[in-house]
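Only heavy atoms go into these numbers, but all of them, side chains included; no hydrogens, no water, no symmetry mates. Chain letters run A, B, ... following the sequence lines, proteins first and then strands; every chain starts at 1. Everything numeric here is computed off the predicted structure, so don't read it as measured data.
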2 protein chains.
Amino acid sequence: MFSQACKYGIRATLYLSIHTNEEKKAGVKEIADALSAPQPFLAKILQLLSKNNIISSVKGPNGGFYLNAANNDLPIISIINCIDGKDVFNSCVMGLAVCSSENPCPLHIQAFAYRSGLLYQLKYQSVREMAQRVQKENLKI
Amino acid sequence: MFSQACKYGIRATLYLSIHTNEEKKAGVKEIADALSAPQPFLAKILQLLSKNNIISSVKGPNGGFYLNAANNDLPIISIINCIDGKDVFNSCVMGLAVCSSENPCPLHIQAFAYRSGLLYQLKYQSVREMAQRVQKENLKI
DNA sequence: TTTTTAAAAGACTAAATTATCTTTTTTAAA
DNA sequence: TTTAAAAAAGATAATTTAGTCTTTTAAAAA
């Protein structure tokens with residue numbers, strides 16, 4: 001469903017929400033180690049997220065990546081939109097060019113239910129909220 | 001979610017269920033044209049399905065691909081298992097190596113709930129049943 | 001001001017997926 | 001028995017995704 005880059009992107013953003021703020025930043029190495037992700041690949045992803053203001057960064061000594069309040073307020077879906085684009089939740093599971101409620105593929109209704117449930121979580125849950133849930137419920141990222 | 005190969009595989013199998021039987025077979029070209037799929041790529045996929053007894057085929061003049069009764073009775077999921085493997089519905093949406101009810105990722109519950117709805121359709125609906133639904137409800141494949 | 005640190009940017013490589021092309025085998029019809 | 005039709009098999013090519021490496025830029029500390 002999500003690309004590898006997108007998965008790393010979501011996990012890295014949650015990591016930043018939990019472990020950083022304007023005063024305390026994290027470098028690529030720290031994040032890559034924490035997520036068991038390839039460091040240079042993760043760097044690319046973080047740069048993309050930073051360029052699109054999903055996460056924040058500063059260069060130089062004591063620099064690194066972090067989330068500010070605005071970043072923390074963004075819905076999780078914004079990470080996905082940034083990395084995988086907006087079609088992830090719209091494209092037909094069976095690969096039909098046209099597939100809608102009016103012209104459904106044989107799996108349309110079920111797939112739609114599955115995806116809209118997940119989409120709801122991603123649209124209406126902020127990075128901060130999910131990060132808090134991770135801490136409170138001791139979830140893995 | 002599914003690979004391109006898998007999508008073509010499902011659609012081709014439904015096409016065969018609707019248009020063929022032991023007496024009336026379809027060649028790759030006919031199927032590829034009907035699905036707007038690349039012919040040589042589709043041929044590969046059909047060969048794989050045939051080798052795994054998901055669909056049937058005969059060589060030579062008047063040969064082609066078709067579904068017999070046993071093929072028609074298989075659940076849709078068998079096509080997916082054959083082409084994409086069994087992990088499609090088990091792997092973590094966030095890419096975690098370990099992700100289960102005991103050790104869930106932040107999206108586990110939602111992903112699990114909605115995936116199992118889709119999985120149910122694929123496990124307990126035979127090729128024949130889905131093909132009949134396609135015809136009755138005038139669905140596109 | 002110089003040095004060091006860390007992200008940004010860009011070029012490059014590897015692997016997987018998608019797709020194509022060519023040859024071989026099977027089978028039925030001529 | 002030969003020919004033709006069609007799948008099977010195998011090699012090759014293109015594209016996308018994943019991942020790496022090198023150089024540049026920015027910023028803080030020495």
Side-chain angles (χ1 to χ4, degrees), chain A residues 1-12 16 20 22-33 35-68 71 80 82-85 87-88 91 95, chain B residues 1-12 16 20 22-33 35-68 71 80 82-85 87-88 91 95:
Chain A
M1 164 154 297
F2 303 137
S3 70
Q4 193 57 49
C6 190
K7 292 172 186 171
Y8 287 144
I10 298 171
R11 294 170 63 207
L16 291 175
T20 73
E22 318 253 354
E23 282 78 47
K24 187 163 168 288
K25 307 177 183 72
V28 190
K29 187 171 178 357
E30 173 187 339
I31 309 168
D33 285 352
L35 306 182
S36 302
Q39 187 188 307
F41 187 43
L42 184 64
K44 281 281 155 198
I45 299 162
L46 293 171
Q47 282 164 31
L48 178 65
L49 290 173
S50 177
K51 196 157 60 181
N52 286 276
N53 302 308
I54 311 286
I55 68 177
S56 304
S57 69
V58 292
K59 296 180 177 181
N62 303 321
F65 296 94
Y66 66 100
L67 296 199
N68 59 28
N71 298 147
I80 296 161
C82 178
I83 299 176
D84 278 354
D87 283 351
V88 197
S91 59
Chain B
M1 164 154 297
F2 303 137
S3 71
Q4 192 57 50
C6 189
K7 293 172 185 171
Y8 288 144
I10 298 171
R11 294 170 62 207
L16 292 175
T20 73
E22 318 253 355
E23 280 81 46
K24 187 164 168 288
K25 305 175 183 75
V28 190
K29 187 171 176 356
E30 172 187 339
I31 309 168
D33 285 352
L35 307 182
S36 302
Q39 187 187 307
F41 187 43
L42 185 64
K44 282 283 154 196
I45 299 161
L46 292 171
Q47 280 164 31
L48 178 65
L49 290 173
S50 177
K51 196 156 58 179
N52 287 276
N53 302 308
I54 311 285
I55 68 177
S56 304
S57 69
V58 292
K59 296 180 178 182
N62 303 321
F65 296 95
Y66 67 99
L67 297 199
N68 59 28
N71 299 146
I80 296 162
C82 178
I83 300 175
D84 277 355
D87 283 350
V88 197
S91 58

Report yes if the side chains of A/Ile45 and A/Leu48 come closer than 4.5 Å at any heavy-atom pair, otherwise no. no
Of A/Pro61 and A/Lys44, the one whose closest nucleotide on DNA chain C sits nearer the 5' end is A/Pro61
If you compare all heavy atoms of B/Ser50 against all heavy atoms of B/Ser56, which two are closest, and at what distance to 0.1 Å? OG-C, 4.4 Å
Per A/Tyr8 side chain, nearest of listed nucleotides C/dA19, D/dA7, D/dG19: D/dG19
What is the separation between atom NZ on B/Lys59 and atom C1' on C/dT27, rounded to the nearest whole Å? 9 Å
Is the shortest heavy-atom distance from the side chain of B/Phe65 to the side chain of B/Thr20 under 4.5 Å? no
Figure out the CG/P separation between A/Leu42 and C/dA6, and round it to whole Å. 16 Å
Within 45 degrees of the axis of the six-membered ring of B/Tyr66 and under 6.0 Å from its centre: does B/Lys25 put its NZ or CZ there? yes
Base, sugar-phosphate, or nothing for A/Tyr66, non-hydrogen atoms under 4.0 angstrom? nothing
Nearest-angstrom distance from the residue atom CD of B/Gln39 to C1' of C/dT20: 11 Å
Checking D/dA18, C/dT18, C/dA8 against the side chain of A/Gln4 (C-beta onward), the nearest is D/dA18
Is there a Watson-Crick or G-U wobble partner for C/dT5 with both distances under 3.5 Å, and if so, which one is it? D/dA26
Would you tell me if any nitrogen or oxygen in the side chain of A/Ser57 comes within less than 4.0 Å of OP1 or OP2 on C/dA6? no
Checking N1-N3 plus N6-O4 or O6-N4 for Watson-Crick, or N1-O2 and O6-N3 for wobble, each under 3.5 Å, the partner of D/dA14 is C/dT17
Distance check: side-chain N/O of A/Asn62 vs OP1/OP2 of C/dA6, anything under 4.0 Å? no
Nearest to the A/Pro40 side chain among C/dT20, D/dC21, D/dT25, which nucleotide is it? D/dC21
Scan every strand shown for a Watson-Crick or G-U wobble partner of C/dA30, both distances under 3.5 Å, and answer none if you come up empty. D/dT1
Can you check whether A/Ser50 has a side-chain N or O nearer than 4.0 Å to OP1 or OP2 of C/dA7? no
To the nearest angstrom, how far is B/Lys25 atom NZ from C/dT26 atom P? 18 Å
Hey, is the main chain of A/Phe2 close enough, under 3.5 Å, to the side chain of A/Asp84 for a donor-acceptor pair? no
Winner on side-chain proximity to B/Phe41, out of C/dT25, D/dT25, C/dT18, is C/dT18
Taking the side chain of B/Phe65 as heavy atoms from C-beta outward, which of C/dA6, C/dA19, D/dA7 is closest to it? D/dA7
Applying a 4.0 Å non-hydrogen cut-off, can you work out what B/Ala26 is touching in the nucleic acid: base, sugar-phosphate, or nothing? sugar-phosphate
Rounded off to whole Å, could you give me the CD1-to-P distance for the A/Ile45 and C/dA8 pair? 13 Å
Report which part of the nucleic acid B/Pro38 touches: base, sugar-phosphate, or nothing (heavy-atom distance under 4.0 Å, all strands). sugar-phosphate
Is A/Gln47 side chain donor-acceptor paired with the C/dA7 base, going by distance under 3.5 Å alone? no
Just the rounded figure in Å: distance from C1' of D/dG10 to NZ of B/Lys51. 11 Å
To the nearest angstrom, how far is A/Leu49 atom CG from C/dA9 atom C1'? 16 Å
Rounded off to whole Å, could you give me the CG-to-C1' distance for the B/Asn52 and D/dA7 pair? 16 Å
Measure from the side-chain N and O atoms of A/Asp33 to the backbone N and O of A/Glu30, and report whether any donor-acceptor pair falls under 3.5 Å. no
